[in-house]
Chemist: 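For reference, the structure I am asking about is given below.
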Amino acid sequence: MSDGQPASDSRERGIAATVRRTCERSDISARSVLVTVLGDSVLPVTKTLWLSSLFELASPFGFSERLVRTSMYRLVSEGWVSNERVGRRSRYSLTLLAVSESENAGRRIYTRDPARWDGSWAFAVLDGAQMQAHERDRIARHLRWHGFVALGRGLLASPSVTVPSLRELLRLVEPAAAVPIGRAEFDDLDHLVGEGFFAEAFRVDDTENEYRDFLARYEPWQSHDLDGTAPLEAYGLRTMLVHEFRRIRLREPDMPAELLPPDWVGGRAYDVAADLYRRLSPRAARALREILEVDYPATMPRRFEA
């Protein structure tokens, strides 16, 4: 190396700088990164953790303790976590809503292929006059996280979520809201696909561009030797990899293979994410083992399985 430092030191400085630089982008918030940390790194081993552990988990991203506190306060107000004082310490616990949404997100993030589609859609009608605007906005936001797409004014639908699952989600999000839900099929589906109805509704072009940006940022890391990466650096890079992949997958409505263009770029992005996740996980586990004080697994079952 020109500066006389070993290649491994240069690589780790490159990882640390990449992670922090990514977190400085205006479209990435500390709150959203912490949601990824909780779902990807914490929930597989525990539903509770100390605020001091959160500070350590946030350190690779350059988030101040004040910013972590503020972000967690927002998650408490959103019903995603609860907070309690234990002596002079603060402890957070993931709620049932957080567990449910993390498990659903995990299915969409870490699994390559959607389940076999029977042609039916679950739908929710959010245009009722009796529904308050804040209720409608909150429900719509959570439904979009679960792969629902707007097919008309106040009509959100998903080809993958079942009606019982939708009913349970609505109970967790807004238990007092009266939301008409049901199940339906489209007539002459092939004609609608050919006319581009679903490509427009599912924002296919926008999603394709997001996948290509993801590949431009992370595909080059495949050529790096990551086996000797410092544990905390591996955890930081793995988190940002999942975070950016997660943002696309959760904004991208669930699209069955029947509605996808041929040679969909999302498949290539999945392969890159899977390769890097598997290579970074054993090193990341070492850092997480110390921070969370648990016997952290080197690999996660049912995540980016080959």
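Just so it is clear, the structure is predicted and the values come from calculations on it, not from any experiment. Side chains included, hydrogens not; waters and symmetry mates left out as well; all remaining heavy atoms used.
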Chemist: Looking at side-chain heavy atoms only, is the closest gap between Ile139 and Leu126 below 4.5 Å?
Modeler: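 Answer yes - side chains close enough.
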Chemist: Among all residues two or more places apart in sequence or in another chain, which pass the side-chain contact (heavy atoms from CB on, under 4.5 Å) test with Val294?
Modeler: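 If we apply the side-chain contact (heavy atoms from CB on, under 4.5 Å) test to Val294, skipping adjacent residues, the hits are Val45, Leu292, Tyr296.
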Chemist: When you compare the side chain of Val179 with that of Val125, does any pair of heavy atoms fall below 4.5 Å?
Modeler: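 No, too far: nothing below the 4.5 Å cut-off.
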Chemist: Decide, yes or no, whether a salt bridge links Asp27 with Arg247 under the criterion of side-chain N to carboxylate O below 4.0 Å.
Modeler: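 Counted as a salt bridge, because a side-chain N and a carboxylate O are separated by less than 4.0 Å.
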Chemist: Counting C-beta onward and ignoring hydrogens, is there a side-chain heavy-atom pair between Ile181 and Val163 closer than 4.5 Å?
Modeler: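 They are in contact (side-chain heavy atoms under 4.5 Å apart), so the answer is yes.
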Chemist: Val35 and Trp50: same hydrophobic cluster, using ILVMFWY side-chain contacts below 4.5 Å?
Modeler: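 No, separate clusters.
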Chemist: Could you state whether Phe63 and Tyr73 fall into the same hydrophobic cluster, counting links through intermediate Ile, Leu, Val, Met, Phe, Trp or Tyr residues with side-chain heavy atoms under 4.5 angstrom apart?
Modeler: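 No.
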Chemist: Do Arg31 and Glu78 come within less than 4.5 Å of each other through their side chains, counting heavy atoms only?
Modeler: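 In short, these two side chains touch, coming nearer than 4.5 Å.
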Chemist: Apply side chain to side chain contact (heavy atoms under 4.5 Å, CB included) to the pair Phe148 and Leu166, showing each step before the final yes or no.
Modeler: CA-CA 10 Å; Phe148 279 72; Leu166 172 57; 3.7 Å; yes
Chemist: Considering only NZ, NE, NH1 and NH2 on the basic side and carboxylate oxygens on the acidic side, decide whether Glu208 and Arg212 come within less than 4.0 Å.
Modeler: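 Salt bridge: yes.
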Chemist: Heavy-atom distance under 4.5 Å between the side chains of Phe61 and Val37, does that happen here?
Modeler: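 Yes - at least one pair of side-chain heavy atoms lies under 4.5 Å apart.
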Chemist: Using a cut-off of 6.0 Å, state whether more than 12 heavy atoms not belonging to Arg217 lie near its atom CZ.
Modeler: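 Atom CZ in Arg217 is crowded, with more than 12 foreign heavy atoms closer than 6.0 Å.
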Chemist: Rounded to the nearest 0.5 Å, what's the gap from CG on Leu51 to CD on Glu56? Could you check?
Modeler: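 Reported value, rounded in 0.5 Å steps: 11.0 Å.
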Chemist: Do you know which two heavy atoms are closest between Asn83 and Arg91, and how far apart they sit?
Modeler: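 That closest heavy-atom pairing would be ND2-O, 3.2 Å.
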Chemist: Nearest 0.5 angstrom please: Thr207 OG1 to Ile248 CD1, how far?
Modeler: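 Interatomic distance, Thr207 OG1 to Ile248 CD1, rounded to 0.5 Å: 8.0 Å.
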Chemist: Evaluate the side chain to side chain contact (heavy atoms under 4.5 Å, CB included) criterion for residues Arg25 and Ile28: first the C-alpha distance (whole Å), next the side-chain angles of each, then the deciding distance (0.1 Å), finally the verdict.
Modeler: CA-CA 6 Å; Arg25 289 190 352 229; Ile28 291 184; 3.7 Å; yes
Chemist: Does Tyr218 form a ring pair (Phe, Tyr, Trp, His ring centres under 6.0 Å) with Phe245? I'd like the steps, not just the answer.
Modeler: CA-CA 10 Å; Tyr218 290 98; Phe245 190 65; 9.5 Å; no
Chemist: Of all residues at least two apart in sequence or in a different chain, which pass the side-chain contact (heavy atoms from CB on, under 4.5 Å) check with Arg279?
Modeler: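 side-chain contact (heavy atoms from CB on, under 4.5 Å) list for Arg279, sorted by chain: Gln222, Leu226, Asp275, Leu276.
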Chemist: Report the C-alpha separation of Thr46 and Leu94 in whole Å, then their side-chain angles, then the decisive distance to 0.1 Å, and conclude whether the side chain to side chain contact (heavy atoms under 4.5 Å, CB included) test is met.
Modeler: CA-CA 9 Å; Thr46 181; Leu94 277 76; over 6 Å; no
Chemist: Quick one: closest heavy-atom pair of Arg108 and Arg144, and the distance?
Modeler: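 Looking at all heavy atoms of both residues, the shortest contact is NH1-O, 4.0 Å.
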Chemist: Looking at Ala273 and Phe214, what are the two nearest heavy atoms and their distance?
Modeler: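 Scanning both residues, the minimum pair turns out to be CB-CZ, 4.1 Å.
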Chemist: Closest approach of Thr22 and Thr18, non-hydrogen atoms and distance?
Modeler: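 Smallest heavy-atom distance, with atoms named: OG1-O, 2.7 Å.
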Chemist: Run the side-chain contact (heavy atoms from CB on, under 4.5 Å) test against Asp187 and tell me which residues pass, sequence neighbours left out.
Modeler: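 Partners of Asp187 by the side-chain contact (heavy atoms from CB on, under 4.5 Å) criterion come out as none, since no residue qualifies.
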Chemist: Met240 versus His243: any side-chain heavy-atom pair under 4.5 Å?
Modeler: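 Answer yes - side chains close enough.
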Chemist: Main chain of Thr48, side chain of Ser93: is a donor-acceptor contact present, judged purely on distance under 3.5 Å?
Modeler: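 Checking the backbone N and O of Thr48 against the side chain of Ser93, no donor-acceptor pair under 3.5 Å is found.
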Chemist: I would like to know whether Arg278 and Thr299 meet side-chain hydrogen bond (donor to acceptor under 3.5 Å, both in side chains); could you show each step before the answer?
Modeler: CA-CA 7 Å; Arg278 288 193 291 261; Thr299 58; over 6 Å; no
Chemist: Does Asp263 have more than 12 heavy atoms from other residues, nucleotides or ligands lying within 6.0 Å of its CG?
Modeler: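 Atom CG in Asp263 is not crowded, with 12 or fewer foreign heavy atoms closer than 6.0 Å.
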Chemist: Do you reckon Trp221 sits in the same ILVMFWY cluster as Leu241, going by side-chain contacts under 4.5 Å, direct or chained?
Modeler: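 Yes, it is one cluster - the side chains of Trp221 and Leu241 are joined through contacts under 4.5 Å.
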Chemist: Walk me through whether Ser160 and Arg107 qualify under side chain to side chain contact (heavy atoms under 4.5 Å, CB included).
Modeler: CA-CA 11 Å; Ser160 62; Arg107 175 187 62 80; 4.1 Å; yes
Chemist: Using the ring-ring contact (aromatic ring centres under 6.0 Å, His included) rule, collect all pairs that involve residues 155-191, keeping only residues at least two apart or in two chains.
Modeler: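 Sorted pair list: Trp121-Phe186, Phe186-Phe198.
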Chemist: With heavy-atom distances below 4.5 Å as the criterion, would you say the side chains of Leu172 and Thr95 are in contact?
Modeler: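 Of all side-chain heavy-atom pairs linking Thr95 with Leu172, none is under 4.5 Å.
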Chemist: Counting only heavy atoms from other residues, nucleotides and ligands, does the tally under 6.0 Å from CZ of Arg85 exceed 12?
Modeler: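 It does: Arg85 CZ has more than 12 such atoms within range.
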Chemist: Between Tyr110 and Asp40, is the side-chain hydrogen bond (donor to acceptor under 3.5 Å, both in side chains) condition met? List the steps.
Modeler: CA-CA 10 Å; Tyr110 306 113; Asp40 183 64; 2.5 Å; yes
Chemist: Nearest 0.5 angstrom please: Ile109 CD1 to Phe304 CZ, how far?
Modeler: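 So the gap between those two atoms works out to 7.5 Å.
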Chemist: Within a reach of under 6.0 Å around CZ of Arg286, are more than 12 heavy atoms found that belong to other residues, nucleotides or ligands?
Modeler: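 Count not over threshold, so no.
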Chemist: Over 60° means perpendicular and under 30° means parallel, so classify the ring planes of Tyr211 and Trp264, tilted if in between.
Modeler: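 If you compare the ring of Trp264 with that of Tyr211, the planes turn out perpendicular.
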Chemist: Check whether any side-chain N or O of Thr239 sits under 3.5 Å from a backbone N or O of Tyr235 as a donor-acceptor pair, and report yes or no.
Modeler: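 The answer is yes, because a donor-acceptor pair under 3.5 Å joins these two groups.
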Chemist: More than 12 heavy atoms of other residues, nucleotides or ligands under 6.0 Å from CZ of Arg141: yes or no?
Modeler: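 More than 12 heavy atoms, drawn from other residues, nucleotides or ligands, come within 6.0 Å of this atom.
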Chemist: At what distance, to the nearest 0.5 angstrom, does CD of Glu174 lie from NE2 of His134?
Modeler: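 Separation between the atoms: 6.5 Å.
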Chemist: Checking the side chain of Asp225 only, and the main-chain atoms of Asp227 only, is there a donor and an acceptor separated by less than 3.5 Å?
Modeler: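 Present.
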Chemist: Within the structure provided, determine whether Leu288 and Leu57 are in side-chain contact (heavy-atom separation under 4.5 Å).
Modeler: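 Side-chain contact under 4.5 Å: yes.
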Chemist: Has the side chain of Ser32 got a donor or acceptor atom that lies under 3.5 Å from a matching backbone atom of Ser29?
Modeler: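 Yes; at least one donor-acceptor contact below 3.5 Å.
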Chemist: Is it the case that more than 12 heavy atoms not belonging to Leu96 sit under 6.0 Å from its CG atom?
Modeler: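 Atom CG in Leu96 is not packed in, count stays at 12 or less.
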Chemist: Measure the CZ-OG distance between Phe55 and Ser64 for me, rounded to the nearest 0.5 Å.
Modeler: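 It comes to 9.0 Å.
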Chemist: With Glu101, which of Val99, Leu97, Asn104 fulfils side-chain contact (heavy atoms from CB on, under 4.5 Å)?
Modeler: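 One option only clears the test, and that one is Leu97.
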Chemist: To the nearest 0.5 Å, tell me how far Arg153 CZ sits from Leu155 CG.
Modeler: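 One finds 12.0 Å between CZ of Arg153 and CG of Leu155.
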Chemist: Could you tell me which residues satisfy side-chain contact (heavy atoms from CB on, under 4.5 Å) with Glu24, sequence neighbours excluded, listed by chain and number?
Modeler: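 Per chain and number, Glu24 pairs via side-chain contact (heavy atoms from CB on, under 4.5 Å) with no residue.
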Chemist: For Arg268, what residues pass the salt bridge (Lys or Arg N to Asp or Glu O under 4.0 Å) criterion, not counting sequence neighbours?
Modeler: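 Result, salt bridge (Lys or Arg N to Asp or Glu O under 4.0 Å) vs Arg268: Glu219.
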Chemist: Of all the heavy-atom pairs spanning Ser102 and Leu43, show the shortest one and how long it is.
Modeler: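 Closest approach of Ser102 to Leu43: CB-CD2, 3.4 Å.
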Chemist: Tell me whether the count of non-hydrogen atoms from other residues, nucleotides or ligands lying under 6.0 Å of CD in Glu290 goes above 12.
Modeler: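 Counting other residues, nucleotides and ligands, CD of Glu290 stays at 12 neighbours or fewer.
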Chemist: What are the two closest non-hydrogen atoms of Ser59 and Arg20, and how far apart are they?
Modeler: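 Here Ser59 and Arg20 meet closest at O-NH2, 3.1 Å.
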